[in-house]
Amino acid sequence: MSFEINREFRTCPKSGLVFHRPAERLIKANAVVAVIFLAVGGALGLLVALTRWPAVQLLNAQHFYTVLTGHGVVLLLVWILFFEIALLYFCSSVLLRCRIATPRMGWLAFALMLIGAAITAIAILQGGSSVMMTSYVPMPAEPNFYLGLILFAVGALIGTFIFFGTLVIAKDEKTYEGSIPLVTFGALTAAIIAVFTIACGAIILIPTWLWSIGYISEIDPLMYRLIWWGLGHSSQQINVAAHVSVWYAIAAIVFGAKPMSEKVSRGAFFLYILFISIASAHHLLGDPGLSSEWKIFNTSYAMYLAVLASLVHGLTVPGSVEVAQRKKGHNKGLFEWLRKAPWGNPVFAGMFLSLVGFGFIGGISGVVMGAEQINFLIHNTIYVPGHFHGTVALGTTLAFMAMSLWLVPVLFQRELFLPRLAKWQPWLFGIGTALQAFFMMGAGTLGVSRRHWDIAFTGSAFEWAYPGMAYTMMALNGISAIMAVTGGMIFVVVIVGTVFFGKRAGEVSGWSLDRPDTLRGPAEALTGHGSIGVKGFPAPGTFVLAGFLMLIFVVYYFINYGYLASVWKFS
Amino acid sequence: MTAIHPPSTRVWWKQPVDRVELVWIAIALVWCLIMFFFMPFWHVYGNQNYSGEAYRVNPDQFVAKVNDFVSEYTVRTETDRNIPVVRPPAGSDIYLLARLWQWHPVLELEKGQTYRLRVSSADWQHGLSIQPINLNFQVLPGYEMVINITPTESGEYAVVCNEYCGIMHHTMLGKLYVVDPAEDA
Ligand code: HEM
Ligand SMILES: [Cu+2]
Ligand SMILES: [Cu+2]
């Protein structure tokens, strides 16, 4: 059997990017479906937050747990993975000017993911699978809950292999010379981690599905948690690698920024591949069994080498923006480059808020609560959702939103719908989410549980009242959620509007069978950054900001150990 | 070229690394190592650690052990549901059972004494969350977790379940009393 290979390409007149026709269709489909799921998941998130606002308590307990399960699954898995598949195709086919490998398999992957997501979503909606996205055994869900997730994962795995295949074709057909771009390298990092992640998912979800239909009598709960978090944790590292790549991409698109040093940035991605997947232990620090040696080695990603990698990106991404701005002449003092940045451009604003929010909120809180002993103060409190809305909502989701605001008009050759409204989008979503993260972390510090319908414990034998401040924080969380969801709704309206009603772009490019020019890096050897900056530091402003982050990090870390020292002794 | 283009032809790894990057990598690495070594340090010099001691246990057998424990040391009952309050000898093995949707029994401990707390679940996963000090542990069926605890403040504590365990999860609230040794004499 042989198919005619489609070799139609077009060159975008504005960005100069080259699109392969079947790849473009796949990217469009995956990205649009992702945004639709984002809209659904965001609406569920609002219901969750309004229920956890004690004075409102919108839903009853049963609906709350159903909706919370839906919120976690739809956003963490479905929205993010659909978008990441689109991103993988973009980083391989478009950035390397290469035809996409096996587009038909791409549609198979798309169909499996869509069908899988639908099966799981229906199982959740029917109410018999309110087990949270983690589905810890032995609490049972309907068999279809697991089955849908398995199909979804198989689809995502196929998509990942199409990415690898496209890289091979690009090399083979010599569509580029030298090394792949940094952003593609970052996507490759994400894809490699994805294979490990999905393997863990298969190893744990397939037996669990068999258990739910009665073929296996028992699943060990500790083993389940260990392997499930090989999926649940590593998938967050796919997200980190993917959104860091998006940051670099946006810095390149908006500023023409070059990486400060290819070697350093690639080295940091490489550390992710080596170390990041072992840290799932930070989800098991409060579990019975498991030795401390194992916990310490794993929770720290072998001496925090993957944290080191994130700290490096945290400097080099804004650093590359700073260098580009200084070269453009915004070279005064420490922060002129930042003051003169295009804050009204939602692509840049979203990227920068994502970067700062991920570092200061998600990053610091994550490493601190992943310290073996501090975790006892935080495990399963609402601090945890506070932390990961800092990573996965503020970091990943906002980065992907910013990328979409640029990518969707380019893909569909239309102008952005309601651009003046779009300007507000990253600010509302970014600040709203940051506040949400902050208030949930605050309430968690006061002991409020995550996944808990009623912090007043109505109907129990005893009584217990959290401090008034905890109630205030949960209310403020609800208000912040309204702000974040407004930002999210604007995003969905702008994107869907662009796709269906956006003005046709002035210059439209047509398909052609000509082979695109080979991609080449510049011939000149790379040198240092010349005379910009202060005292031999080309990015002194970024350095000061990074130092500020480090200061907060260190202080916050020891505050937590200090508080820990004051509670009951245990060994 | 930029991050979405191939780097300069082939010699990109020879580009000198900026001082700003080198200094930052050094600072970050030092901090990473401090954090890494702080955890074993706390095992030696800190007083809040969990050793990892745990045993596989059949949930029914664990429930039986808890029942023996309760019938031996109950000192009174509380609330209209007659929930037993148990006052075990200082320094002994004490049991806490998580089940849908209760903590069983209520423990009454002496300040400053160390107990071997044995906790497990009869059914699904639960979360042992002692408030307001905010200490949290995961409770799994089939595993008996042993924590040597020493309450350092007397008072009335809440035992909250903070792992989702079904529709009445929010009612799973228990009590724990810590009394001054003087009261006893
Ligand atoms: C702007 C909209 C959002 C709002 C208002 C919101 C609100 C919330 C709240 C209040 C919780 C905690 C519930 C609890 O533990 O009782 C929660 C949990 C969660 N959220 Fe969000 N969120 C939003 C966006 C997101 C995004 C964008 C993601 C992922 C990409 C996400 C992923 C999750 C996950 C995975 C959980 C945990 C569910 C579980 O415990 O099983 N959320 N959300
Ligand atoms: Cu994790
Ligand atoms: Cu429970």
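Small disclaimer: the values here were computed from a predicted structure and weren't measured. So you know, we letter chains A, B, ... as the sequences are listed, proteins then strands, and number each from 1.
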- Task: Heavy-atom distances under 4.5 Å only: say whether B/I130 touches chain A with side chain, backbone, both or neither.
- Result: side chain

- Query: Contact part of A/I180 toward chain B, heavy-atom cut-off under 4.5 Å: side chain, backbone, both or neither?
  - Reply: backbone

- Item | Contacting moiety of A/D220, where chain B heavy atoms sit under 4.5 Å | side chain

- Message: Please classify the contact of B/V139 with chain A as side chain, backbone, both or neither, using a heavy-atom distance under 4.5 Å.
- Response: neither

- Could you check which of A/A268, A/S449, A/A324, A/A539 has the highest count of heavy-atom pairs closer than 4.5 Å to chain B? A/S449

- Which of B/N47, B/L135, B/T150 passes side chain to side chain contact (heavy atoms under 4.5 Å, CB included) with A/F570? Answer is B/L135

- Task: Please check if the side chain of B/K175 supplies one atom and the backbone of A/E463 the other of a donor-acceptor pair under 3.5 Å.
- Result: yes

- Task: Kindly give the heavy-atom pair with the smallest separation between B/P141 and A/P138, and that separation in Å.
- Result: CG-CD, 3.9 Å

- Query: Rounded to the nearest 0.5 Å, what separation is found between the OG atom of B/S129 and the NE2 atom of A/H379?
  - Reply: 9.5 Å

- Looking only at B/R56, B/R81, B/Q102, the option with the highest number of non-hydrogen pairs under 4.5 Å against chain A is B/R81

- Message: Need one label for A/I378: side chain, backbone, both or neither, based on atoms under 4.5 Å from any heavy atom in chain B.
- Response: backbone

- Query: Looking at A/P221 and B/Q125, what are the two nearest heavy atoms and their distance?
  - Reply: CB-NE2, 3.6 Å

- Query: So, for A/W568 and B/L176, which heavy atoms are closest and what is the spacing to 0.1 Å?
  - Reply: CH2-CD2, 3.8 Å

- Task: Describe, in one word, how the ring planes of B/F137 and A/F376 are oriented to each other, choosing from parallel (under 30°), tilted (30 to 60°) and perpendicular (over 60°).
- Result: tilted

- Take atom NZ in B/K65; do more than 12 heavy atoms of anything else shown fall under 6.0 Å from it? yes

- Query: Are A/D287 and B/Y50 close enough that a side-chain donor and a side-chain acceptor fall under 3.5 Å?
  - Reply: no

- Item | Among the listed options A/Y563, A/F255, A/F185, the residue most often paired with chain B at heavy-atom distances under 4.5 Å | A/Y563

- Message: Aromatic contact between A/F462 and B/W103, with the criterion being ring centroids under 6.0 Å apart: yes or no?
- Response: no

- Ignoring hydrogens and geometry, is there a side-chain-to-backbone donor-acceptor pair from A/W464 to B/P132 under 3.5 Å? no

- Selection from A/V307, A/L222, A/T458, A/T445 maximising heavy-atom pairs under 4.5 Å formed with chain B: A/L222

- Locate the shortest heavy-atom distance separating B/H170 from A/A61; write the atom from each residue and the value. CE1-CB, 4.3 Å

- Item | Close side-chain approach of A/S261 to B/D18, heavy-atom, < 4.5 Å | no

- Under a 4.5 Å cut-off applied to non-hydrogen side-chain atoms, are B/I34 and A/Y557 in contact? no

- Query: So which of A/T134, A/T381, A/L96, A/V448 has the biggest tally of heavy-atom pairs under 4.5 Å with chain B?
  - Reply: A/T381

- Note on the structure: Greatest number of non-hydrogen atom pairs under 4.5 angstrom with chain A, of B/D80, B/L117, B/T79, B/N136, falls to B/N136

- Item | Contact class of B/I83 relative to chain A, heavy atoms under 4.5 angstrom | side chain

- Query: Between B/R19, B/M168, B/E21, which residue shows the highest count of heavy-atom pairs closer than 4.5 Å to chain A?
  - Reply: B/E21

- Item | Heavy-atom pair count under 4.5 Å with chain B, highest-scoring of A/G444, A/G256, A/A249, A/A461 | A/A461

- Item | Engaged part of B/W42 at the chain A interface, taking heavy atoms whose separation is under 4.5 Å | both

- Message: With chain A as the partner, which of B/T152, B/T171, B/N49 has the greatest number of non-hydrogen pairs under 4.5 Å?
- Response: B/N49

- Of all heavy-atom pairs linking B/P7 and A/S179, the shortest is CD-O, 3.4 Å

- Structural part of A/Y65 lying under 4.5 Å from a heavy atom of chain B: side chain

- Distance-minimising heavy-atom pair for A/P288 and B/Q138: CD-O, 3.6 Å

- Examine whether an atom of A/L290 lies under 4.5 Å from a heavy atom of chain B, and if so say whether it belongs to the side chain, the backbone or both; otherwise answer neither. backbone

- Task: Can you measure from CD (A/Q373) to CZ (B/F38) and round to the nearest 0.5 angstrom?
- Result: 8.0 Å

- Query: How many angstroms lie between atom OH of A/Y224 and atom CG of B/L140, to the nearest 0.5 angstrom?
  - Reply: 12.5 Å

- Item | Inter-residue atom distance A/R451.CZ - B/C165.SG, 0.5 Å rounding | 11.5 Å

- Message: Centre-to-centre under 6.0 Å for B/Y164 and A/F64, is that the case here?
- Response: no

- Query: Top residue by heavy-atom pair count (under 4.5 Å) with chain A, among B/W24, B/F37, B/Y143, B/Y157?
  - Reply: B/W24

- Task: Check step by step if side-chain contact (heavy atoms from CB on, under 4.5 Å) holds for B/V23 and A/F543.
- Result: CA-CA 9 Å; B/V23 174; A/F543 189 75; 3.6 Å; yes

- Query: Between B/F36 and A/I296, is any pair of side-chain heavy atoms under 4.5 Å apart?
  - Reply: yes

- Would you check if the side chain of B/Q48 reaches a backbone N or O of A/V567 as a donor-acceptor pair within less than 3.5 Å? yes

- Message: Only pairs of heavy atoms separated by less than 4.5 Å count here; which of B/A54, B/G52, B/C32 has the most with chain A?
- Response: B/C32

- Message: Is A/I455 in contact with chain B via its backbone, its side chain, both, or neither, using a 4.5 Å heavy-atom distance?
- Response: neither

- Query: Would a distance-only check, ignoring hydrogens and angles, find a side-chain to backbone donor-acceptor pair under 3.5 Å from A/N380 to B/N162?
  - Reply: yes

- Item | Gap separating the CD atom of B/E163 from the CE atom of A/M139, nearest 0.5 angstrom | 8.0 Å

- Under a 4.5 Å heavy-atom cut-off, does chain A meet the side chain of B/D123, its backbone, both or neither? backbone

- Task: Working to the nearest 0.5 Å, report the span between CD1 of B/I27 and CG of A/L308.
- Result: 12.0 Å

- What's the verdict on side-chain contact (heavy atoms from CB on, under 4.5 Å) for A/V264 and B/I25, showing C-alpha distance, side-chain angles and the deciding distance? CA-CA 9 Å; A/V264 170; B/I25 292 171; 4.1 Å; yes

- chain B contact via A/V367 - which portion, at a heavy-atom distance below 4.5 Å: side chain

- Task: For chain B, find which of A/A371, A/S245, A/G447 contributes the most heavy-atom pairs closer than 4.5 angstrom.
- Result: A/G447

- Heavy-atom distance under 4.5 Å to chain A: side chain of B/E78, backbone, both or neither? side chain

- Bottom line for A/F90: the part with an atom under 4.5 Å from chain B's heavy atoms is neither

